[in-house]
Amino acid sequence: MPQWLQWSLIIAGLIAIVLLAVFIRRQMGLLSENRKRQAKAEAFQTNRRQDMIRSVHVIAMAVEEDQIEYSEACLRLKGLLDHIAPELLEQSPFSVFQKVHDQLQHMPTHRARQATETKFVDKMDKERFEVEQKHADAIRRAATAIRHHSFSG
């Protein structure tokens with residue numbers, strides 16, 4: 001084999017090694033970056049979940065101390081439980097949050113409520129208060145139970 005061919009093959013081999021080394025280093029950097037991004041996302045989700053659990057406990061305490069309307073508490077608790085532990089909404093005593101939500105979800109809130117005719121708002125409020133009264137004991141029991149519930153995961 002001629003010497004120039006040997007040197008050409010050696011140089012081609014060295015170039016291939018350098019290119020592969022650069023490729024491997026870049027891939028390792030991307031992998032490391034992805035791991036960091038994933039860890040950051042997991043930490044964010046964990047913190048978000050803990051914040052939602054704290055919100056559930058605060059709302060439950062507010063129900064126990066009659067500092068919040070039961071209908072609002074049920075709507076908020078149902079929304080939070082949808083994210084934290086949706087299976088609880090099917091279990092007793094927590095199913096009352098779902099029941100009240102289902103009975104009140106058609107009612108406008110916030111800006112839509114402000115834009116609604118006063119007579120209609122009064123009628124909805126009357127309906128809402130009836131739903132609250134009907135389920136008041138169950139809501140209080142469920143609030144106490146959810147405040148003492150240990151959310152796993």
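As the structure is a computational prediction, the values presented were derived from the model and not from experiment.
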So, taking the atom named [atom1] in [X] and the one named [atom2] in [Y], what distance separates them when rounded to the nearest 0.5 Å?
{"X": "Leu77", "Y": "Asp82", "atom1": "CG", "atom2": "CG", "result": "11.0 Å"}
{"X": "Asn47", "Y": "Phe44", "atom1": "CG", "atom2": "CZ", "result": "8.5 Å"}
{"X": "Arg128", "Y": "Gln133", "atom1": "CZ", "atom2": "CD", "result": "12.0 Å"}
{"X": "Leu31", "Y": "Arg26", "atom1": "CG", "atom2": "CZ", "result": "15.0 Å"}

Can a salt bridge be assigned to the pair [X] and [Y] using a cut-off of 4.0 Å between side-chain N and carboxylate O?
{"X": "Glu64", "Y": "Arg140", "answer": "no"}
{"X": "Asp51", "Y": "Arg48", "answer": "no"}
{"X": "Glu127", "Y": "Lys123", "answer": "no"}

Does any part of the side chain of [Y], heavy atoms only, come nearer than 4.5 Å to the side chain of [X], both counted from C-beta?
{"X": "Leu89", "Y": "Ser95", "result": "no"}
{"X": "Lys99", "Y": "Asp102", "result": "no"}
{"X": "Leu88", "Y": "Phe151", "result": "yes"}
{"X": "Leu9", "Y": "Met1", "result": "yes"}
{"X": "His83", "Y": "Arg49", "result": "no"}
{"X": "Arg141", "Y": "Asp137", "result": "yes"}
{"X": "Leu75", "Y": "Val100", "result": "no"}

So among Val58, Thr144, Ile68, which one has a side chain to side chain contact (heavy atoms under 4.5 Å, CB included) with Val63? Ile68

For [X] and [Y], which heavy atoms make the closest approach, and how far apart are they?
{"X": "Ala142", "Y": "Phe94", "result": "O-CE2, 3.8 Å"}
{"X": "Glu132", "Y": "Tyr70", "result": "OE2-N, 3.7 Å"}
{"X": "Ala143", "Y": "Ile146", "result": "O-CG2, 3.2 Å"}
{"X": "Ser55", "Y": "Leu80", "result": "CB-CD1, 3.8 Å"}

Is Gln3 atom CD crowded by more than 12 heavy atoms from other residues, nucleotides or ligands, each under 6.0 Å away? no

